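Here the structure is laid out as structure tokens; the discussion comes afterwards.
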Amino acid sequence: MGTVRFVLFGRVAVELDGTVHRLAPAAAALLARLLLAQGRLVTIVELWHTMRPAHHGPVGREHRVAVQKRITELRRLVDPAHPGESSRVLRTDRGATTAYRLVVGRDQVDLFRFEDLVEQARSAGPAVAHRMREALAVWRDRPLMDFEDRDFAREPVRRLGQL
């Protein structure tokens with residue numbers, strides 16, 4: 001598999017070997033939510049509410065199936081060699097409730113790369129300007145542009161604003 005990077009500045013996307021793949025809104029919301037969880041499990045119910053924040057009723061089978069379909073689409077994109085539950089990148093946990101975990105390095109996610117570069121710049125001494133230029137080169141557009149008003153995105157957007 002080639003190089004995979006994730007774009008959270010501007011519209012959520014996946015970059016595979018330099019080619020940017022835009023996602024449908026529901027899949028983009030799921031990907032953003034999973035990336036922001038930084039490897040922690042996110043339940044299928046949480047993912048449904050990420051896809052459909054206005055839904056306030058119980059999460060039924062049809063809703064779970066809708067999430068599973070988007071997860072399958074994401075797996076095909078981010079781990080084409082293992083698109084099913086054998087994926088090493090987008091993992092399934094079937095505990096008391098189904099949950100998913102996206103396992104990627106911080107350097108693969110533009111938003112986390114930016115945060116890390118800013119942190120390095122703060123402790124870089126004379127190299128601070130170089131590190132800040134690197135960090136600013138990563139910032140392409142408003143972070144989580146399509147989801148900045150959603151619960152899962154508010155804290156990361158606020159944190160970036162403070163940086």
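As the structure is a prediction and not an experimental result, all values here were calculated from the model.
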Side-chain donor/acceptor of [X] to backbone N/O of [Y], under 3.5 Å:
{"X": "Asp93", "Y": "Ala99", "answer": "no"}
{"X": "Arg154", "Y": "Asp149", "answer": "yes"}
{"X": "His49", "Y": "Glu46", "answer": "no"}
{"X": "Arg5", "Y": "Asp107", "answer": "yes"}

Count I, L, V, M, F, W, Y as connected when their side-chain heavy atoms are under 4.5 Å apart, and connections chain through other members. Are [X] and [Y] then in the same cluster?
{"X": "Phe6", "Y": "Leu160", "value": "yes"}
{"X": "Val104", "Y": "Leu16", "value": "yes"}
{"X": "Leu102", "Y": "Tyr100", "value": "yes"}
{"X": "Val67", "Y": "Leu41", "value": "no"}
{"X": "Phe147", "Y": "Val157", "value": "yes"}

key: Criterion side chain to side chain contact (heavy atoms under 4.5 Å, CB included) on Leu30 and Leu74, from CA distance to verdict   = CA-CA 9 Å; Leu30 289 186; Leu74 289 175; 4.1 Å; yes
query = What residues form a ring-ring contact (aromatic ring centres under 6.0 Å, His included) with Phe114, not counting sequence neighbours?
reply =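 For Phe114, the residues satisfying ring-ring contact (aromatic ring centres under 6.0 Å, His included) (neighbours in sequence not counted) are Phe9, Trp139.
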query = Hey, is CZ on Arg150 packed in by over 12 heavy atoms from elsewhere, all under 6.0 Å?
reply =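 Yes, the 6.0 Å shell around CZ holds more than 12 heavy atoms from other groups.
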Note, [X] side chain near [Y] side chain (heavy atom, < 4.5 Å):
{"X": "Val89", "Y": "Val103", "result": "no"}
{"X": "His21", "Y": "Glu15", "result": "no"}
{"X": "His63", "Y": "Arg52", "result": "no"}
{"X": "Val14", "Y": "Val7", "result": "no"}
{"X": "Ile44", "Y": "Gln68", "result": "yes"}
{"X": "Leu8", "Y": "Leu36", "result": "yes"}
{"X": "Leu47", "Y": "Arg70", "result": "no"}
{"X": "Val45", "Y": "Arg64", "result": "yes"}

query = When the ring planes of Trp48 and His55 are compared, do they come out parallel, tilted or perpendicular, using 30° and 60° as the limits?
reply =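 The arrangement is perpendicular - the two ring planes meet at more than 60°.
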Shortest non-hydrogen contact from [X] toward [Y]:
{"X": "Arg101", "Y": "Leu34", "answer": "N-CD2, 4.5 Å"}
{"X": "Glu148", "Y": "Pro143", "answer": "OE1-O, 3.9 Å"}
{"X": "Glu73", "Y": "Ala27", "answer": "OE1-CB, 4.2 Å"}
{"X": "Asp141", "Y": "Gly10", "answer": "CB-CA, 3.5 Å"}
{"X": "Leu23", "Y": "Leu77", "answer": "CD2-CD2, 3.5 Å"}
{"X": "Val4", "Y": "Gln108", "answer": "O-NE2, 3.0 Å"}

Just checking, is any N or O donor in the side chain of [X] or [Y] under 3.5 Å from an acceptor N or O on the other one?
{"X": "Arg75", "Y": "Thr92", "answer": "yes"}
{"X": "Gln162", "Y": "Arg158", "answer": "yes"}
{"X": "Arg106", "Y": "Gln38", "answer": "yes"}

